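Read the structure below first, then the notes.
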Amino acid sequence: MMRSHYCGLVTEALTDQTITIAGWVHRRRDHGGVIFLDMRDREGLLQVVIDPDTPEAFATADAARSEYLLKITGRVRRRYEGTENDNMTSGKVELLAKEIELLAKADTPPFPLNDENINVSEELRLKYRFLDMRRPEMQERMKFRAKATSVIRRYLDDHDFLDVETPILTRATPEGARDYLVPSRTHQGEFFALPQSPQLFKQLLMVSGFDRYYQIAKCFRDEDLRADRQPEFTQVDIETSFLSDDEIMDIAEGLTKTLFKTMLNVEFDTFPRMTYADAMKYYASDKPDLRIPLKLVDVADIMQNVEFKVFSGPAQDPKGRVVALRIPNGGEMSRKQIDEYTKFVGIYGAKGLAYIKVNDANNINNGVDKESGLQSPIIKNMTDDVLVELIQRTEAQSGDIIFFGADKAKVVNDAMGALRVKIGTDLEMFTCEWAPLWVVDFPMFEETDDGKWTSVHHPFTRPKCSVEDLKNNPETALSIAYDMVLNGTEIGGGSLRINTVEMQEAVFDALGITKEEAELKFKFLLEALRFGAPPHGGLAFGLDRLIMLMVGASSIRDVIAFPKTKTAECPLTEAPAEVDSKQLRELGIRVREKEKAQ
């Protein structure tokens, strides 16, 4: 028998029993001739004591070093009073070793695995990921993810969903990001694409009559990365037929509640719903963090005729926006802090960050004392009436500060939405630990820089209007789409899908996709819609993002076993890598030397 128990599961219930463990040396200590080994496996740590009266075991323990792999047989005994460790499952007992077998030696690790506070670069951690994942923190995260996935599967199985796999090698389709292409050896000059999502296949499954489908699906997108993006990631993919959007959201909400209750013992009430229009109006984001009680206030109408062109210009521009953000008790901010926030919004294209400190708001009804009541470089450009109305609309109080954003709507939304979260985080303004919500009623389309339309979600989303209304007023069309947001992160999103050829062709037409192009790229879907496609819809959860939030990690790379870096590289396997010329010849591919040199 290699082992009888996991290190981390040995408790006082096993006192006086002889057991065998196998694990890595987490830490070694020599206390006056008695050796202590903290042994580690996936379930945690166990303290092992080796006395000199077991000479062979003592000699092996004496030679052991960090990360040596040992098999140890011994007797479980209670720790002496005052030496217990309540932070460990095994903290009330220890193993008195009788026999120790060296299973494998280990070189000195490139970074300590027994110090969670050690400062190690992510690049080094990923290069030695097989060692990094031995750390207790990473072990717990991987176990958490596995258990969470099991909870998800059980929930969906219990609700009559079928687990169906869809292809990895498929056809390139426009879904918002670049495809990863795979050259075909048997059809030279032609390419497969790795799926950005199983979107079209799950719709085809609905046409096939599998009215409740799910899959823990791998997805691939060749896009610029950030903390919550990876070139390959995992979705909990769900699709249903004959259900309304409310019924689909109820299923997804029930899944989320079950997951949080089971894994974290957190109970959610019914998720609030917010329209996309309100989310952008009050939070300048389609994924607002409702833990932060700050809201934006539109003030363009007040600013239209002020002498300050920074405000009046965007206020008079149909595509501009002017907003105010009141920070309670923010008047205590130093000029240095304000300058730092000014630099921060500059990241998002803002040209500056105007502000007004409200030193005394008590006399605003009788006019504004610019010398003592308000403090700002910009108030000299505004009349008393404008200032009074600003104070009233923002409901500012003495001691507050008001920040302003004025520019094109996108710049204002990006900058002020981010500033709201930044200040709320810096000032620790969170009112709760978890804030879930649904964002609904998204626009069907958004305008590109060249004046054309593009899908807000994807071109298979069902509009909330008739074919005729879509053709005549694409700019006002809403979609039957819904995003689940948690703490300012989109963790899932979906929609009802188009199930008629007429509506699908109308959407393609609005997007500038010709009939010939549609037939070329979506022929199999359009054919399916002609054979009695049921009303259907679904959604997909970003599993990596969801687990990241639940375990409190700062990046999805910390909840993926073998992730890529921010530059889409794998330091462990050194991928991507060049391939030899023979493989390229078989694929009918030649690498251009100029591009290769770059």
Side-chain angles (χ1 to χ4, degrees), residues 161-177 179-182 184 186-187 189-215 217-221 235 237-245 248 444-445 453-471 474 477 479-481 494-540:
F161 284 81
L162 298 176
D163 184 357
V164 183
E165 292 184 351
T166 54
I168 294 296
L169 294 176
T170 183
R171 183 187 181 93
T173 56
E175 292 187 48
D179 288 309
Y180 276 103
L181 299 179
V182 181
S184 170
T186 54
H187 301 275
E190 298 180 356
F191 294 81
F192 295 105
L194 303 182
Q196 294 185 33
S197 78
Q199 181 62 49
L200 297 182
F201 287 105
K202 65 184 180 185
Q203 288 190 246
L204 293 178
L205 285 170
M206 297 303 102
V207 179
S208 301
F210 296 98
D211 62 332
R212 291 198 175 201
Y213 141 94
Y214 84 93
Q215 183 183 186
K218 273 288 187 184
C219 303
F220 306 86
R221 293 178 187 173
Q235 283 186 179
D237 210 46
I238 300 170
E239 195 78 4
T240 70
S241 296
F242 309 110
L243 293 183
S244 68
D245 51 337
I248 295 171
M444 187 70 189
F445 308 112
W453 295 115
T454 185
S455 298
V456 170
H457 279 84
H458 55 65
F460 318 110
T461 303
R462 188 191 303 176
K464 206 172 187 177
C465 63
S466 67
V467 171
E468 282 303 311
D469 285 342
L470 182 75
K471 289 179 178 180
S479 63
I480 310 178
S495 67
L496 296 189
R497 323 301 188 189
I498 297 168
N499 72 309
T500 67
V501 175
E502 294 76 17
M503 180 61 83
Q504 189 63 74
E505 288 179 343
V507 170
F508 284 159
D509 186 58
L511 294 171
I513 300 174
T514 65
K515 288 188 176 182
E516 292 75 19
E517 187 181 0
E519 282 292 327
L520 179 65
K521 294 181 177 179
F522 308 109
K523 181 179 180 180
F524 57 98
L525 175 64
L526 294 173
E527 283 186 346
L529 295 182
R530 296 186 181 101
F531 286 90
H536 61 283
L539 82 165

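Please read all numbers here as calculations on a predicted model, not as lab measurements.
- S197 has its side chain within reach of R221: a pair of non-hydrogen atoms, C-beta onward, lies under 4.5 Å apart.
- With sequence neighbours excluded, the residues forming a side-chain hydrogen bond (donor to acceptor under 3.5 Å, both in side chains) with S244 are E247, listed by chain and number.
- Residues meeting the side chain to side chain contact (heavy atoms under 4.5 Å, CB included) test with D509, sequence neighbours left out: none.
- Applying the salt bridge (Lys or Arg N to Asp or Glu O under 4.0 Å) rule to E527 yields no partners; only residues at least two apart in sequence or on another chain are considered.
- Within the structure, salt bridge (charged side-chain N to carboxylate O under 4.0 Å, His left out) pairs that include any residue of residues 458-467 comprise D441-K464 (at least two apart or interchain).
- When all heavy atoms are compared, the tightest approach of P463 to I498 is CD-CG1, 4.1 Å.
- Under the 3.5 Å distance criterion, the side-chain polar atoms of S208 are left unmatched by any main-chain donor or acceptor of F210.
- Listed by chain and residue number, nothing satisfies the ring pair (Phe, Tyr, Trp, His ring centres under 6.0 Å) test with F220 (two or more places apart in sequence, or in another chain).
- Scanning for side-chain hydrogen bond (donor to acceptor under 3.5 Å, both in side chains) contacts around Q215 gives T166, Y213, with sequence neighbours left out.
- When all heavy atoms of A533 and V207 are compared, the closest pair comes out as CB-CG2, 3.8 Å.
- Closest approach of W453 and L511 over heavy atoms only: O-CD2, 3.6 Å.
- Expressed to the nearest 0.5 Å, how far CG of L194 lies from CD1 of I168 amounts to 7.0 Å.
- Residues satisfying the salt bridge (Lys or Arg N to Asp or Glu O under 4.0 Å) criterion with D163, sequence neighbours excluded, are R153.
- For the atom pair CG (D245) and CG (L539), the distance works out to 11.5 Å, reported to the nearest 0.5 Å.
- Between D237 atom CG and K218 atom NZ the span is 14.0 Å, to the nearest 0.5 Å.
- Considering only residues two or more places apart in sequence or on other chains, D211 meets the side chain to side chain contact (heavy atoms under 4.5 Å, CB included) condition with S241.
- Inter-residue side-chain proximity for L200 and F522 is flagged as met; some heavy-atom pair is nearer than 4.5 Å.
- Here the closest heavy-atom approach between residue P534 and residue F242 is recorded as CB-CZ, 3.5 Å.
- Atom CD1 of I248 sits about 5.5 Å away from atom CG of L243, to the nearest 0.5 Å.
- The salt bridge (charged side-chain N to carboxylate O under 4.0 Å, His left out) analysis of residues 530-539, with sequence neighbours excluded, yields the pairs E519-R530.
- Between L529 and Q504 there is a side-chain heavy-atom pair separated by less than 4.5 Å.
- With a 4.5 Å cut-off on side-chain heavy atoms, P198 and P167 do not count as touching.
- A heavy-atom distance below 4.5 Å is not found between the side chains of S495 and H457.
- Under the 4.5 Å side-chain criterion, counting only non-hydrogen atoms from C-beta, F460 is in contact with L525.
- E468 pairs by the side chain to side chain contact (heavy atoms under 4.5 Å, CB included) definition with S466, K471, N472, not counting sequence neighbours.
- Distance CD1/I513 to CG/L520: 11.5 Å, rounded to 0.5 Å.
- The shortest side-chain heavy-atom distance between E505 and V467 does not fall under the 4.5 Å cut-off.
- Put simply, OG1 on T240 and CE on M206 are 7.0 Å apart, with the number rounded to the nearest 0.5 Å.
- The two atoms that bring T461 and A481 nearest to each other are CG2-CB, 4.3 Å, heavy atoms only.
- Every residue two or more places apart in sequence or in another chain that forms a side chain to side chain contact (heavy atoms under 4.5 Å, CB included) with S184 is listed here: T186, H187, F192.
- Between L526 and F508, the shortest heavy-atom contact is CD2-CE1, 4.0 Å.
- R497 has its side chain within reach of E239: a pair of non-hydrogen atoms, C-beta onward, lies under 4.5 Å apart.
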